[in-house]
Amino acid sequence: MSLRTKLLVLVVIPLVMVFSALALWQYQSMRSVAIARAKEHALLLTQGTARDIEAQLAKAVHVTHTAAAALEAAPELTGTRVWPLLEQLIQRVPLVEGASIAYAPGDEVHSPAAPYVWKKDGEMYRKDLNESYDYTDRTWYTIASDGTAGWTKPYDGPVYGGLLVSYSVPIIRDDSLVAVISIDVPLSPLQKLLAVGEFTKTAAFLVGRDDSFISHPDESFIMQPSTIGGGPILLADADPGTLKQYPNWPNNEPHIVAFEPIPTTDWMFAAAMSEDEVLGPVHQQLVINVALLVLAGIVIAGLVLGMGLRITGDVRTLAAGVTEVSSGNLEAKVAPMRRRDELGRLVDDFNAMTTRLRETVQRVADEQVARMAIEQELDVAREIQAEMLPHEYPMLPDHPEVDLHAINVAARHVAGDFYDYWVRGDMLTVVLADVSGSGMPAALVMVRAMTLLRQFDDPSGRLVDIVAETNRELCNDNDRQLFVTGIIVRYRLSTGCYELVSAGHLPAFLGGAGCVVQFEGDSTGPLLGVIPDAEWNSRTGELPVGGWIALYTDGITEARNQAGDEMFGENRLAEGLAANAAGASELLCQHGISLAEAWHGGRVDDDLSMVVLRRTSEAVAES
């Protein structure tokens with residue numbers, strides 16, 4: 001017989017039998033007391049909830065009648081003057097989230113004909129319902145068009161976008177219908193008001209006089225008869241202030257249901273409280289059960305003691321082996337035991353586990369050594385790559401007429417972004433590019449692209465020809481299909497004029513001391529390294545004194561927030577640069593990078609690069 005069977009027969013079964021007998025006796029003795037307590041408290045709590053709902057709905061009705069009276073007495077309140085009135089009506093009653101005034105058809109034309117204001121997520125919205133549908137055949141209009149106010153049944157508001165009930169009041173002048181003013185009460189917030197304190201498993205409902213659900217925890221039941229879910233017949237006709245017990249409703253479980261009327265709407269509020277929750281006081285008797293179980297435990301302990309003495313010796317032997325392993329001795333073994341129960345199999349499994357653990361530790365150690373070697377190689381590659389990027393500071397000390405600065409933050413050991421610049425005669429060339437992917441393959445393409453651009457650059461040649469020649473070379477032997485997006489800018493130092501080619505790259509920003517930042521323009525051609533015969537156009541412009549052009553890669557604009565559902569974007573970058581538009585190029589670069597990292601909440605998962613070229617005013621003054 002296994003240890004589990006022995007413990008089950010000698011310990012668990014007697015304990016369960018004793019505890020079950022005691023629990024049953026306690027439950028039966030306390031059930032009537034618990035139900036009496038529930039009837040006393042549940043009715044009071046239900047009445048309080050019903051009064052709260054009545055107060056809010058009565059306030060909504062009163063405010064609507066007040067607004068109707070004001071409109072009857074002030075015929076000049078038409079047109080756009082009614083918008084603020086409707087917004088004030090919504091703000092005065094938290095339960096109301098929509099209000100409209102629908103003018104009756106006639107000789108007088110109103111614009112808007114049916115102004116409607118609704119609140120969604122704290123924001124107010126306006127719309128003329130006459131532009132969406134013919135409101136004169138809608139229930140919320142027709143219910144008051146005969147001159148009497150009233151509530152509608154629930155319906156799906158096409159403009160509000162959810163289930164509503166509406167209260168409509170006619171506006172009468174000279175015994176004629178002028179308009180109908182209506183308020184919308186969404187059912188979702190109304191359902192939240194139906195909670196009955198103390199009992200957390202309460203299902204609360206609002207039922208109309210036709211015995212259909214006005215509000216229900218499951219929206220699919222709304223406007224359905226109360227009997228659809230096995231509910232009682234004529235629920236709305238239950239006597240107010242009464243309690244009833246239903247063995248299988250709702251959700252096929254026994255419940256105690258309290259009924260209270262809502263006079264303002266002529267609805268009935270019903271709160272169904274689980275009998276299981278009502279019987280909570282029964283748990284107070286568990287203290288007595290525990291005391292009795294202690295006595296039973298003393299008896300059972302004698303039975304357990306005999307068995308425990310038999311297995312203690314073997315358990316101590318196994319525990320000693322576990323102690324050896326936990327202290328670091330992976331060679332520890334436990335001598336096999338002559339047992340056919342779980343303890344004997346546990347010893348065999350322990351010995352097998354220590355063997356596998358020793359092998360796993362050795363494999364992990366070997367993998368760690370190999371990983372460290374690879375990381376060291378990548379660190380060296382990163383240092384080499386960093387040396388290939390320009391790192392002079394300041395970048396152009398011999399040319400005070402410009403202020404040039406660049407920053408590159410790699411996502412991995414080896415980056416895919418790169419920038420470069422050089423001066424030949426009166427011409428400054430600035431390059432910022434992003435190679436698809438990251439790591440060593442992207443870095444090799446980066447080095448090749450940098451070399452080709454410098455090799456083919458000729459101040460007397462056309463910039464688009466240099467880009468085309470570089471593209472043809474990058475397309476050769478490009479088995480990995482890695483492509484490059486980039487911007488190449490030629491800037492004439494003496495005049496501030498520039499020429500720009502964008503190969504599928506993000507648009508540059510133009511700015512200046514006036515705190516105005518705008519997009520320079522879209523791409524002038526496809527990306528590099530894909531289409532051998534591709535062609536590009538170029539754009540030209542002139543930087544004023546103090547003006548600058550900013551280049552950046554998608555690692556900045558595509559940085560996601562901590563929730564991962566929204567990117568940083570070009571507009572946020574433009575706003576950040578505008579706030580520091582008069583700063584130096586270094587400040588602009590640092591600010592753009594830090595904004596993206598702050599948005600992400602730390603280091604971004606892509607390379608971040610930014611280059612800013614500013615035409616300085618000091619150099620102009622000196623020249």
Side-chain angles (χ1 to χ4, degrees), residues 56-93 95-119 124-187 190 208-210 212 214 223 262-267:
Q56 295 206 40
L57 292 174
K59 181 179 180 181
V61 169
H62 173 72
V63 170
T64 307
H65 279 280
T66 301
L71 290 169
E72 287 179 1
E76 68 275 10
L77 285 176
T78 59
T80 59
R81 300 178 64 183
V82 301
W83 294 114
L85 176 64
L86 295 176
E87 291 175 350
Q88 291 175 8
L89 193 152
I90 294 175
Q91 292 168 353
R92 289 183 61 185
V93 185
L95 201 60
V96 175
E97 294 192 9
S100 66
I101 299 174
Y103 292 97
D107 296 334
E108 185 177 358
V109 178
H110 295 271
S111 179
Y116 178 61
V117 175
W118 73 100
K119 181 171 64 176
M124 290 287 190
Y125 301 89
R126 298 177 175 181
K127 186 177 183 63
D128 185 355
L129 296 180
N130 191 45
E131 299 175 353
S132 300
Y133 57 80
D134 182 9
Y135 58 86
T136 59
D137 60 356
R138 298 300 172 112
T139 305
W140 60 265
Y141 179 87
T142 60
I143 198 171
S145 61
D146 61 354
T148 59
W151 289 90
T152 68
K153 293 183 179 180
Y155 66 96
D156 191 7
V159 176
Y160 177 84
L163 289 174
L164 310 165
V165 289
S166 298
Y167 182 75
S168 301
V169 178
I171 300 174
I172 307 295
R173 295 196 195 105
D174 299 328
D175 297 328
S176 297
L177 178 69
V178 177
V180 170
I181 182 169
S182 178
I183 60 169
D184 293 338
V185 177
L187 296 187
L190 183 60
R209 296 308 302 174
D210 60 353
S212 62
I214 302 297
M223 299 179 64
I262 309 295
T264 295
T265 58
D266 202 22
W267 298 340

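In what follows, residues are counted from 1 in the order of the sequence shown.
No side-chain donor-acceptor contact under 3.5 Å links Asp174 and Ser176.
When all heavy atoms are compared, the tightest approach of Gln56 to Val93 is O-CG1, 4.3 Å. The shortest heavy-atom contact between Tyr133 and Pro158 is CE2-CG, 3.7 Å. The two residues Pro154 and Leu187 come nearest to each other via the heavy atoms CB-CD1, 3.8 Å. Residues Leu129 and Ser100 share a closest heavy-atom pair of CD1-CB, 4.3 Å. Contact between Ser132 and Lys127 at its shortest, heavy atoms only, is OG-CE, 2.7 Å. A pairwise comparison of heavy atoms in Pro105 and Tyr141 identifies CD-OH, 3.6 Å as the closest pair.
Taking the side chain as every heavy atom from C-beta outward, Val180 and Tyr135 never approach each other to under 4.5 Å. Residues Leu164 and Val185 have side chains not in contact (no heavy-atom distance under 4.5 Å, counting atoms from C-beta outward). When side chains are defined from C-beta on, Glu72 does not count as touching Val178, because their heavy atoms never get closer than 4.5 Å. Contact annotation: the side chain of Leu89 approaches that of Ile181 to within less than 4.5 Å [non-hydrogen atoms, C-beta and beyond]. The shortest distance between side-chain heavy atoms of Arg138 and Ser182 does not fall below 4.5 Å.
Partners of Ile90 under the side chain to side chain contact (heavy atoms under 4.5 Å, CB included) rule, at least two apart in sequence or in another chain, are Val96, Ala99, Val117, Lys119, Met124. By the side chain to side chain contact (heavy atoms under 4.5 Å, CB included) test, Asp266 pairs with Arg209, sequence neighbours left out.
In this structure, OG on Ser212 lies 5.5 Å from NZ on Lys153, to the nearest 0.5 angstrom. Rounded to the nearest 0.5 Å, atoms CG (Leu71) and OH (Tyr103) are 6.5 Å apart. Going from atom CG of Leu57 over to atom CH2 of Trp267 covers 6.0 Å, rounded to the nearest 0.5 Å. Separation of atoms CG (Asn130) and OH (Tyr116) is listed at 15.5 Å; rounding is to 0.5 Å. Ile183 CD1 to Thr64 OG1: the interatomic distance, rounded to the nearest 0.5 Å, is 3.5 Å.
Within 6.0 Å of atom CZ in Arg92, 12 or fewer heavy atoms from other residues, nucleotides or ligands are found, so the atom counts as exposed in its surroundings. The number of heavy atoms from other shown groups lying within 6.0 Å of NE2 (His62) does not exceed 12.
Listed for the Asp128 side chain is a donor-acceptor partner under 3.5 Å among the backbone atoms of Ala113. The closest donor-acceptor contact from the side chain of Thr148 to the backbone of Ala144 lies at 3.5 Å or more, if one exists at all.
A side-chain contact (heavy atoms from CB on, under 4.5 Å) with Asp184 holds for exactly one of Tyr155, Trp118, Trp140, Tyr167; it is Tyr155.
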| field | Evaluation steps, salt bridge (Lys or Arg N to Asp or Glu O under 4.0 Å), between Arg81 and Glu76 | value | CA-CA 9 Å; Arg81 300 178 64 183; Glu76 68 275 10; 5.2 Å; no
